[in-house]
Amino acid sequence: MKDLVDQPSGGGGTDPRNYVASVIKSCNVVEVLGGGDSEYSLGEVAQATGLGKTTVHRLLSSLQMAGWVERGPRDGYRLSIRMLKLAHASQRQFSIRNEALPHLRTLAGTFGDTAFLLVSSDEGAVVVEMVEGESPLKVNTVTLGTVIPYHVAGGPTVMAAFDDEIRERVLSAPRTRFTEHTDVSREALEDKFARIREQGYAFADEDLNNGVAVVSAPVFGPTGAIVCTLSLGGAAQGFGPDRLDHIVTAVREACAALSERLGAPASR
């Protein structure tokens with residue numbers, strides 16, 4: 001694990017006068033203990049953090065005194081119930097919608113179109129947040145709470161492309177043709193999902209509503225599984241080749257930033 005001392009964050013920037021190195025090292029130790037195993041030996045913590053055993057021992061002793069770390073039945077180290085309660089409280093306060101909103105506002109503000117946050121459900125992808133730009137295209141069929149089938153549009157097809165269960169469900173169920181551009185055959189959809197996985201985003205051009213195009217990309221969570229999508233949609237004529245490249249880049253960068261915020265593996 002890379003020592004966070006090399007990567008301080010927040011308003012303090014990289015000025016070493018603005019942070020306490022021992023606190024950052026303690027955070028590294030806590031991250032190791034939260035890695036999934038029931039207990040960790042002093043040597044395992046030292047190896048994972050890259051810190052010396054003497055330093056790790058002092059940090060662990062201090063965390064024990066604070067009540068955040070305890071010794072387990074095998075005499076290893078683990079997070080205490082107190083720390084787990086804090087983690088649970090943090091999880092309750094965390095909202096994907098709140099985390100996504102700044103990215104939606106930036107996308108909508110930059111391009112003037114409408115930015116969407118979608119999550120999965122049994123029936124389809126659900127629009128749980130949307131932010132309109134200065135020149136939004138009003139689409140009466142897509143509003144907050146709208147459920148979109150997984151074989152059309154941007155966000156739903158991204159979910160199908162990156163989630164095996166959703167993809168099999170789509171390919172096994174009847175599919176509605178919404179426009180002349182809607183793919184409904186199994187072969188066409190398999191090709192589409194494979195292409196989305198390969199390129200890392202979807203460009204849906206008038207397959208749900210005539211005159212409407214959308215770019216979508218996946219957002220991944222701590223396990224590497226897709227948890228939601230961010231999209232930018234608007235008038236199809238506004239998604240020409242030159243502008244499309246900029247939109248794709250912006251949407252993918254927003255999704256990458258949100259994935260990182262959600263703790264997605266770096267390889268994603």
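Here the structure is a predicted model, which is why all the values come from computation and not from measurement.
For P73 against E39, the heavy-atom pair with the smallest separation is CD-OE2, 2.8 Å. The shortest non-hydrogen separation linking V170 to R175 is O-NH1, 2.8 Å. The minimum heavy-atom distance linking E132 with A108 is given by the pair C-CB, 3.9 Å. Across all their heavy atoms, F203 and A213 have their closest contact at CE1-CB, 3.8 Å. Across all their heavy atoms, V56 and A46 have their closest contact at CG2-CA, 3.7 Å. Between C228 and V119, the shortest heavy-atom contact is CB-CG1, 4.0 Å.
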Side chain to side chain contact (heavy atoms under 4.5 Å, CB included), that's the test. Do D183 and H151 meet it? Break it down for me.
CA-CA 7 Å; D183 291 321; H151 69 289; over 6 Å; no

Go through the steps for V212 and V142 under the test side chain to side chain contact (heavy atoms under 4.5 Å, CB included), then give the verdict.
CA-CA 11 Å; V212 179; V142 181; over 6 Å; no

Could you walk me through whether K192 and R195 pass side chain to side chain contact (heavy atoms under 4.5 Å, CB included), step by step?
CA-CA 5 Å; K192 175 188 287 187; R195 183 169 62 253; 4.0 Å; yes

Could you walk me through whether D113 and L137 pass the side chain to side chain contact (heavy atoms under 4.5 Å, CB included) test, one step at a time?
CA-CA 7 Å; D113 297 309; L137 176 66; over 6 Å; no

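Taking CZ of R252 as the reference point, atom CD1 of I247 lies at 14.5 Å (rounded to 0.5 Å). Taken to the nearest 0.5 Å, the CZ atom of R58 stands 4.5 Å off from the OG1 atom of T55. The line from OG of S26 to CH2 of W68 is 9.0 Å long, rounded to the nearest 0.5 Å. A distance of 10.0 Å separates CD in E253 from CG in L107, rounded to the nearest 0.5 Å. Taking CZ of R97 as the reference point, atom OG of S95 lies at 6.5 Å (rounded to 0.5 Å).
Between the side chain of E190 and the backbone N or O of E187, no donor-acceptor pair lies under 3.5 Å. At least one donor-acceptor pair closer than 3.5 Å links the side chain of R169 to the backbone N or O of D122. The main-chain N or O of G155 is found under 3.5 Å from a side-chain atom of S216 such that the two form a donor-acceptor pair. Side-chain atoms of T229 never come within 3.5 Å of backbone atoms of P218 as a donor-acceptor pair (strictly under, hydrogens ignored). Between the side chain of R261 and the main chain of A256, no donor-acceptor pair closer than 3.5 Å is present. Remark: the backbone N or O of G154 is paired with a side-chain donor or acceptor of T157 at under 3.5 angstrom. One N or O on the side chain of D207 and one on the backbone of A153 form a donor-acceptor pair closer than 3.5 Å.
Side-chain atoms of H57 and L60, non-hydrogen and from C-beta on, never get closer than 4.5 Å to each other. No side-chain heavy atom of L59 sits less than 4.5 Å from a side-chain heavy atom of N28. Residues V32 and Y40 meet the side-chain proximity criterion, which asks for heavy atoms closer than 4.5 Å. Between E70 and Q64 the shortest side-chain heavy-atom distance does not fall below 4.5 Å. Between M159 and I226 the shortest side-chain heavy-atom distance falls below 4.5 Å. Proximity of V214 to L232: side-chain heavy atoms (C-beta onward) are nowhere separated by under 4.5 Å. Between R167 and R197, some side-chain heavy-atom pair lies under the 4.5 Å cut-off. P149 is listed as a side-chain neighbour of F178, based on a closest heavy-atom distance under 4.5 Å.
Clustering ILVMFWY residues whenever any of their side-chain heavy atoms sit less than 4.5 angstrom apart, transitively, puts L51 in the very cluster that holds L33. No chain of hydrophobic side-chain contacts below 4.5 Å, direct or via other Ile, Leu, Val, Met, Phe, Trp or Tyr residues, connects M130 to F239. Under the 4.5 Å side-chain heavy-atom criterion for grouping Ile, Leu, Val, Met, Phe, Trp and Tyr, L42 is connected to L79 within one hydrophobic cluster. Hydrophobic clustering places V219 together with L101 (ILVMFWY residues linked when any side-chain heavy atoms are closer than 4.5 Å, directly or through intermediates). When hydrophobic clusters are built by joining Ile, Leu, Val, Met, Phe, Trp and Tyr residues whose side-chain heavy atoms come closer than 4.5 Å, directly or via intermediates, L171 is grouped together with V152.
Taking a cutoff of 4.0 Å between a charged side-chain nitrogen and a carboxylate oxygen, D191 and R186 do not qualify as a salt bridge.
Tested against H103 for a side-chain contact (heavy atoms from CB on, under 4.5 Å), the candidates V131, V251, L230, L117 yield a single pass: L230. Remark: of the listed residues V158, I148, V147, T146, I148 is the sole one forming a side-chain contact (heavy atoms from CB on, under 4.5 Å) with L118.
Under the rule for a side chain to side chain donor-acceptor pair (under 3.5 Å), Q199 has no partner lying at least two apart in sequence or in another chain. Contacts of E260 classified as salt bridge (charged side-chain N to carboxylate O under 4.0 Å, His left out), with partners at least two apart in sequence or in another chain: none. Remark: D163 engages no residue in a side chain to side chain donor-acceptor pair (under 3.5 Å) (not counting sequence neighbours).
Ring pair F220/F162 is perpendicular by interplanar angle, where above 60° counts as perpendicular and below 30° as parallel.
Donor-acceptor pairing under 3.5 Å is recorded for the side chains of Y77 and R71.
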